[in-house]
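Since the structure comes first, as C-alpha cells, the remarks are kept for the end.
Owing to the predicted nature of the structure, the values given are computational and were not obtained by experimental measurement.
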Amino acid sequence: MAVGRLSGAWVRQVLVEVYPDGVVRRALLDHFAALLVSKRSSRGAKGRLARRLYGTLLKLQRRGLIHQEDGVVRSLAVAAKVKGQVPPVLTAPLERLLFKALLAEDGQGDGHTATTLRDARWAFVAGAVESGWSLEQAASTLGIKAVEAGQILAGR
C-alpha cells in the first residue's frame, strides 16, 4: 500500500478537481482507498490510510487551505456557495437516492430497520453535498433539520 505517497498537495488536487463543491470525509477516504488499497493489502490498510488522510486534512485545515464542517470537506480555493440559494437541479442519481431514503423512512423497501434508514439518508445527503448542495439544502429536501443531517454524516 502506498500510504506514504498521500501528500497534502495530492489531497488538495483531488478536492479541487474531483470534488470542487465539497465532499463528505468518508467518501474522500473511499476515493483514496480505491486507489491505494488493493485486495492483497494487509489487514487494517484502510484504517491506516484513514489515520494518514485525517492527519493530512487537519494540517491543511490549520494552514487555512481547506474547511471541514459537519463531516464535509471543502477546498478554500473554490468560492463558497451563498446560503439560501435555490438548490441545484435534482439529478437522476440524486432523485433515486432521495426516493430510497423516503422509502426507508416510510418503512418500505429492503429492510425496515433504523440502520437502513440512516444509511439511506447518509447516501442522499452525501450525494447532494458532493453535487454542490449545502448541508441545509440537502436536509430540507429530505425533510430533516441541518443538525440532524450533520449527525448522520458524522455517524458514518
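- Separating the CG atom in Leu6 from the CZ atom in Arg48 is a distance of 13.5 Å, to the nearest 0.5 Å.
- Using a distance-only test at 3.5 Å, with no hydrogens or angles considered, a donor-acceptor pair links the side chain of Arg74 to the main chain of Asp21.
- Val24 and Val147 are assigned to two separate hydrophobic clusters, defined by single-linkage of ILVMFWY side chains at heavy-atom distances under 4.5 Å.
- Among residues two or more places apart in sequence or in another chain, the side chain to side chain contact (heavy atoms under 4.5 Å, CB included) test is passed with Arg40 by Ser38.
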| query | Going through the distances and angles, do Leu28 and Leu15 end up as a side-chain contact (heavy atoms from CB on, under 4.5 Å)? | reply | CA-CA 9 Å; Leu28 186 63; Leu15 285 173; 4.1 Å; yes
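- Contacts of Glu95 classified as salt bridge (charged side-chain N to carboxylate O under 4.0 Å, His left out), with partners at least two apart in sequence or in another chain: none.
- Here Thr113 contributes atom OG1 and Asp119 contributes atom CG; the two are 7.5 Å apart, rounded to the nearest 0.5 Å.
- Residues Leu58 and Val72 do not share a hydrophobic cluster, defined by chaining ILVMFWY side chains whose heavy atoms lie under 4.5 Å apart.
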| task | Give the C-alpha distance, both sets of side-chain angles, the deciding distance and a yes or no for side-chain contact (heavy atoms from CB on, under 4.5 Å) between Val11 and Val73. | result | CA-CA 11 Å; Val11 172; Val73 180; over 6 Å; no
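- No side-chain donor-acceptor contact under 3.5 Å links Arg26 to the backbone of Ala154.
- Using a 4.5 Å heavy-atom cutoff, the side chains of Asp30 and Lys46 are in contact.
- Every pair passing ring-ring contact (aromatic ring centres under 6.0 Å, His included) that includes a residue from residues 30-51 is listed here, sequence neighbours excluded: Trp10-Phe32, Tyr19-His31.
- Contact of the Glu130 side chain with the Leu94 side chain is not registered, since no non-hydrogen atoms from C-beta on lie closer than 4.5 Å.
- Distance CD/Gln137 to OG/Ser131: 11.5 Å, rounded to 0.5 Å.
- Every residue meeting the side chain to side chain contact (heavy atoms under 4.5 Å, CB included) condition with Arg96, not counting sequence neighbours, appears here in chain and number order: Pro93, Lys100.
- Every side chain to side chain contact (heavy atoms under 4.5 Å, CB included) that Tyr54 has, sequence neighbours left out, goes to Arg25, Leu29, Ala50, Leu57.
- When all heavy atoms are compared, the tightest approach of Gly8 to Leu60 is O-CD1, 3.8 Å.
- Interatomic distance, Thr141 OG1 to Phe124 CZ, rounded to the nearest 0.5 Å: 5.0 Å.
- Side-chain contact check for Leu135 versus Leu153: some heavy-atom pair is nearer than 4.5 Å.
- Ala120 pairs by the side chain to side chain contact (heavy atoms under 4.5 Å, CB included) definition with Ala101, Ala104, not counting sequence neighbours.
- With rounding to the nearest 0.5 angstrom, the CD1 atom of Ile152 is 7.0 Å from the CG atom of Leu117.
- The side chain to side chain donor-acceptor pair (under 3.5 Å) test applied to Thr115 returns no partner, not counting sequence neighbours.
- The shortest side-chain heavy-atom distance between Leu76 and Leu65 does not fall under the 4.5 Å cut-off.
- Screening residues 138-148 for salt bridge (charged side-chain N to carboxylate O under 4.0 Å, His left out) gives Arg121-Glu148 as the qualifying pairs, with residues at least two apart or on separate chains.
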